[in-house]
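Let me begin by presenting the structure, written as structure tokens, before commenting on it.
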Protein chains: 2
Amino acid sequence: MIACPKCSEVGSIMKAGYVRNKQRYVCKNCNYFFTLSAPEQLSSTKKSRRHQTTIIDIARSIGVSNSTVSRALHGHVDINPETRQAVLDMAAKLDYQPNQLAYNLVKSKTNTIGMIVPEFHNPFFPNVIIGAHDVLTAEGYNLTIMQSNESYAVEVSNTKAMLANRIDGLLISLTQETNSFEHLQVFEKRGIPLILFNRVCDDVAAPKVVVNDFEASFMAVEHLILNGYERIAHLGGPLNLLVSRERLRGYRAALEKHGKSIEEDLIIQGMLSQQKARIYGKYLLELENRPDAVFAVNDSAAIEIMLMAAEKGIRVPEELGVVGFSDNPESAYIGPGLTTIRQPTLEMGKTTAKWILQMLDAEEEMNFPQERILKTELVIRGSSLRKA
Amino acid sequence: MIACPKCSEVGSIMKAGYVRNKQRYVCKNCNYFFTLSAPEQLSSTKKSRRHQTTIIDIARSIGVSNSTVSRALHGHVDINPETRQAVLDMAAKLDYQPNQLAYNLVKSKTNTIGMIVPEFHNPFFPNVIIGAHDVLTAEGYNLTIMQSNESYAVEVSNTKAMLANRIDGLLISLTQETNSFEHLQVFEKRGIPLILFNRVCDDVAAPKVVVNDFEASFMAVEHLILNGYERIAHLGGPLNLLVSRERLRGYRAALEKHGKSIEEDLIIQGMLSQQKARIYGKYLLELENRPDAVFAVNDSAAIEIMLMAAEKGIRVPEELGVVGFSDNPESAYIGPGLTTIRQPTLEMGKTTAKWILQMLDAEEEMNFPQERILKTELVIRGSSLRKA
DNA sequence: AACGTATCCGCAAACGTTACCGATACTTTT
DNA sequence: AAAAGTATCGGTAACGTTTGCGGATACGTT
């Protein structure tokens, strides 16, 4: 028979249902409900969680209160130097590691900046990350990176995860697919600093860091024109990206300035995977009246064009001028060298990070300058030098 | 006169020192100590912290308890479907975002894996990151990345930060400088899963993921030998890195197998910045009896050699064979193409990540296989094809 | 003595969740 | 109808910090 844990009666116990698969009892005598704890089922599985020494441990071992320890560890004023030293010694002795999680919870901040990038394969974003990482860690912040993989759905889920993890601020570069922005407006609503970089949009009231795509594109195309190229094709990015539109605008503007007619069938926009680049390149180079130059929106597409030209026996730069965008490492080494536009990637990371730190410092919502435009540089190599 | 906030006596108040610059009083009647709160100093500065809706808010608005809400949100069994729906609706209505911080604290885990890499400039580590990131996010884990910048001190501080942030596991690739390992043994002591990859050492009892550096190096050098090169120099990495030693070992073994003598002054070890590569390359190419091939420990050094050879009018591959290591993107495009060893970077990231997830699943400290060796691939391009 | 001052320390309430242990009302079985 | 079982829900103690404010003590000053 079972005895009541409370009144120790033995005859008065009866069953009272199940609680989570455990038989439940009630004592008719003292009306006490209880379950029998599982017969100590030898659960060596349960691996008693290794105890991390906490502030409380320190407090107990030297006979002061938690608050004293906390204050001592943070160099607070209201503390006796001797006490402080004792705390510090004991902390060292017990190998105390502060629990950032508890700190985060009580302070409701994480000292972490989030960053979402669409992809990782070009050296562009890794470089931006380096830049941001450098200035953030120098200021004691962490950086957690997520990759949206050019998918809007993933981007949304990433932002949600960032919110749940209570990052202090977010740096984001949008997906090719991103056309709606509620997931970003949340940050504004919550008062969490947000900065868009590189792949930006106009629908979010947040600071933006970009490069001078229009000017860069203009420079590139003008450079081709000045080198005697007449019919310049444009292999552009998807038009829902602002950068693509800006670069297209620059292309058109340069042609117009120099009185060239714009041939719409020499303009192709779309997301430029390597495969697509091959398809579009084939189309362009097999046109019966083929262009004598191509301005591509990124270096890999430009390189694809150069390789294809080589296959077809079209000489670069004599019969075909090529200019890319980004200055990937391989662009310096290919064929005659690819003329391209170098982007200040590291600087972009650094300025973005510095900016968000400023926003964090300023408790008040200041009127920040809304956009920062970084300068690119035209790197002239062999692929565009017909005149010389 | 001042009235006692407790007993409302008026005449019995007298000063009792200062506390944090505020006048303090004591009531002689009820012996109550108090300070007068500052006269409500209109602090609109204080920007009332925007309230995040919590579980408690939901609970209150539909008149249930916190536990019920928590259970409802997690699809627990013990819950009435109607209640669950009500909770879910209210959560949506109030735009509830779970506070991961609180969750982390109570569960003492963060669903986050840390990763420390020495640098970011080669495409190698970014690619590893992509691989790891993919499998981790697929399993609902986050990845926070830190960069030790090839500095031991930074590496140590990184690991400390990781510990403080209570990551669930750590993936690390060591610094060139790292020769002591207490900062890693801590993880073992704490029972936090740890995996070394690429830059590993033997002094830490943790799983390791590496490539077959020895074999790869052997293959590369043998390939040079089979192509008729006689005196093969080796531009190696710093010898405290295991990879460097393995590659050196492979180099020696290949020479020995084919009965070549090993000329020690054709072997240079050291950290291969671009500048150093130039210096060493100059030394090698200006040797009065210069080598007819170079096996470099990374592609950038190999490319530096090729460029320098071009400057000096030394023809590659006719007069100088070159083989690199890593297959950087530029290696496919330079000069005659750089023969090099392709490393399975993505796979390295993936296997490392999968492995640590296994370790997390297995509560017990299982006997994991201690090392996993991934296969590399010799990519043969023009820079080493003299025979053909 | 009686009062004023400065210094140091402790109490306890947050922070938002989770999960254990019960409790209640209702349904089914004996 | 009593006993047993089921389905839901609530109370509350953790988790480890930080911090506002009250309390105690020792010392200085009338």
Touch class at under 4.0 angstrom, heavy-atom based, for B/T54 against every strand present: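 Sugar-phosphate, no base atom in range.
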
Sugar-phosphate, base or nothing in reach of A/L105, heavy atoms under 4.0 Å: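 Contact class for A/L105: base.
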
B/T68 side chain to B/S65 side chain, donor-acceptor N/O pair below 3.5 angstrom: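 Per modelled atom types, B/T68 and B/S65 side chains form a pair under 3.5 Å.
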
Protein-nucleotide distance ([X], atom [atom1]; [N], atom [atom2]), rounded to Å:
X      : N      : atom1 : atom2 : answer
A/Q97  : D/dT17 : CD    : P     : 11 Å
A/Q100 : D/dT18 : CD    : C1'   : 13 Å
A/N165 : C/dT17 : CG    : P     : 13 Å
A/L73  : C/dC9  : CG    : C1'   : 15 Å
B/Y96  : C/dG16 : OH    : C1'   : 8 Å
B/R71  : C/dA19 : CZ    : P     : 10 Å
A/I55  : C/dC11 : CD1   : P     : 15 Å
B/N80  : C/dA25 : CG    : P     : 16 Å

With sequence neighbours excluded, residues passing side-chain contact (heavy atoms from CB on, under 4.5 Å) with A/N158: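 Here the qualifying residues are A/I116, A/M146, A/S148, A/V154.
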
side-chain contact (heavy atoms from CB on, under 4.5 Å) partners for B/S157, two or more places apart: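 With sequence neighbours excluded, B/S157 shows a side-chain contact (heavy atoms from CB on, under 4.5 Å) to no residue whatsoever.
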
Side-chain-base donor-acceptor pair under 3.5 Å for B/R166 and D/dG16: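 Side chain to base: no pair present.
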
Donor-acceptor pair present, B/S67 side chain and D/dG11 base, under 3.5 Å: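 Per atom types, the contact qualifies.
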
Looking at [options], which one has an atom nearest to any side-chain atom of [X]?
X      : options                : result
B/N99  : C/dG16, C/dT18, D/dT17 : C/dG16
A/V106 : C/dG10, C/dT17, C/dA14 : C/dA14
A/D78  : C/dT17, D/dT17, C/dC9  : C/dC9

Residue closer to the 5' end of DNA chain D, B/N66 versus A/T53 (nearest nucleotide):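 Of the two residues, B/N66 wins.
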
Most 5' of A/P98 and B/T68 on DNA chain D, judged by nearest nucleotide: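 Looking at the nearest nucleotide for each, B/T68 comes out on the 5' side.
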
A/F181: partners by ring-ring contact (aromatic ring centres under 6.0 Å, His included), with sequence neighbours left out: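 ring-ring contact (aromatic ring centres under 6.0 Å, His included) list for A/F181, sorted by chain: empty.
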
Please tell me if [X] has a side-chain N or O lying less than 4.0 Å from either OP1 or OP2 of [N].
X      : N      : result
B/T83  : D/dC9  : yes
B/S65  : D/dG11 : no
A/K107 : D/dT19 : yes

Bend angle of the helix from C/dA1-D/dT30 to C/dT30-D/dA1, end axes from five pairs each (to 10°):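 Computed from the C1' atoms at both ends, the axes differ by 60°.
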
Aromatic ring proximity A/Y141/A/H133, centre distance under 6.0 Å: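 No, they do not, as the ring centres are separated by 6.0 Å or more.
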
Where A/L170 and A/M115 come nearest, the two heavy atoms and their spacing: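 Heavy-atom minimum between the residues: CD1-N, 4.1 Å.
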
Salt bridge (charged side-chain N to carboxylate O under 4.0 Å, His left out) partners for B/D95, two or more places apart: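 Checked B/D95 against salt bridge (charged side-chain N to carboxylate O under 4.0 Å, His left out); matches are A/R190.
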
Return all side-chain donor-acceptor pairs below 3.5 angstrom for residues 79-92 of chain B, not counting sequence neighbours, or 'none' if the list is empty.
unit_1: B/N80; atom_1: OD1; unit_2: B/E82; atom_2: N; d: 2.9
unit_1: B/Q85; atom_1: NE2; unit_2: B/D89; atom_2: OD1; d: 3.0

